[in-house]
Number of protein chains: 2
Amino acid sequence: MKVTREEVFRLHAQICKALADPSRLLIIVELRHGSRTVSELSRAIGAAQPLTSRHLGILREKGVVRAERDGTFVRYSLSDRRILGAIDLLLDVLASQLARQGLRSSAARRLRPALRSA
Amino acid sequence: MKVTREEVFRLHAQICKALADPSRLLIIVELRHGSRTVSELSRAIGAAQPLTSRHLGILREKGVVRAERDGTFVRYSLSDRRILGAIDLLLDVLASQLARQGLRSSAARRLRPALRSA
DNA sequence: TATGGATATGCGGATACAGGCATGTCCTGG
DNA sequence: CCAGGACATGCCTGTATCCGCATATCCATA
């Protein structure tokens, strides 16, 4: 099975696109601490169940998240912890940007932990 | 200056969105080794100049890239090396996915260095 | 200041995505 | 087998994005 250079970039962009939505980032942050059912995530991100399901479908399709059935529930979990590393790095980049723009730097430095515990 | 939690997630998603395009990833990879002019990047990614300029505008707007004038040229460079770390992590995630799907694992393991030198 | 190279932007059509609503599917307990 | 809870999906509308083309802007030099 061969994968062309262009295909790799296309897939790489697909993964980035999966992360490129506030609700989906919220989902990922929520999954940091363990697996969650759809209704739990729905409540956590404050979105309707069908919408949450759709976002999870996108994340699942791009391999960011994994689903497993548990009775009538479906439990979702992160399929690769390195994704957390990536979004944390980008969050750090954002913090630097905000700091440069005049946000109190103490607040900027606290950005990541604040979101983690959320 | 205060930044709400929702605003942070929106901005975070904006940065991800800036990375969520094959041409823009190509640009970033090309900038890994130093600054480049628009026409250099245009040739490197095989896109028309106006399109390249547009992609650069998006990257600049989201703070991924920085521009500085140099005569009639404009030299672009990465504004934060941590972005490379983030996309490398995601590339590793992709490599694992492909490996799991039956790509020869040796090829998968070589994915990142192959793209780096490109 | 006029010209030409380098870069940016306005416009338009095609495509893709977000979100709301209704409905379908899957599973368990009775 | 039936009912109901948990989840997924089809349809629709508005909005954003991609890309090509033409054109505008900026800058150095003559």
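Chain A is the first sequence line, chain B the second, and so forth, proteins listed ahead of strands; every chain is numbered from 1. Everything numeric here is computed off the predicted structure, so don't read it as measured data. FYI, side chains are in, hydrogens and waters are out, and symmetry mates aren't considered; it's all heavy atoms of this structure.
When heavy atoms are screened at a 4.0 angstrom cut-off, A:Leu41 is found touching no nucleic acid atom at all. Among the heavy atoms of the strands lying under 4.0 Å from B:Thr37 are primed sugar atoms or P, OP1, OP2 only; no base atom is included.
Residues B:Ser79 and B:Arg60 bring no donor and acceptor atom of their side chains to less than 3.5 Å of each other. With hydrogens and angles left out, the side-chain atoms of B:Ser77 and B:Arg36 include no donor and acceptor closer than 3.5 Å.
Looking at heavy atoms from C-beta onward, A:Phe9 lies out of side-chain contact with A:Leu11 at the 4.5 angstrom threshold.
Judged by distance alone with a 3.5 Å cut-off, no donor-acceptor contact links the side chain of B:Gln49 to the base of C:dA6.
Between A:Cys16 and B:Leu90, the shortest heavy-atom contact is SG-CD1, 3.9 Å.
Candidate nucleotides D:dC27, C:dT7, D:dC18 were compared by shortest atom distance to the side chain of B:Thr72, and D:dC27 ranks first. Nearest nucleotide to the side chain of B:Pro50, out of D:dC21, D:dC19, C:dC27: D:dC21. In the set D:dC7, D:dC18, C:dT7, D:dC7 carries the atom at the smallest distance from any side-chain atom of A:Val74. Here D:dC11 is the nucleotide among D:dA8, D:dC11, D:dC21 with the atom lying nearest to any side-chain atom of A:Arg54. Closest contact between the side chain of B:Ser39 and the listed nucleotides D:dC21, D:dA6, C:dA6 involves C:dA6. Nearest nucleotide to the side chain of A:Ser23, out of C:dC17, D:dC19, C:dG19: C:dG19.
Distances shown here put every side-chain N or O of B:Tyr76 at or beyond 4.0 Å from the OP1 or OP2 atom of C:dA6.
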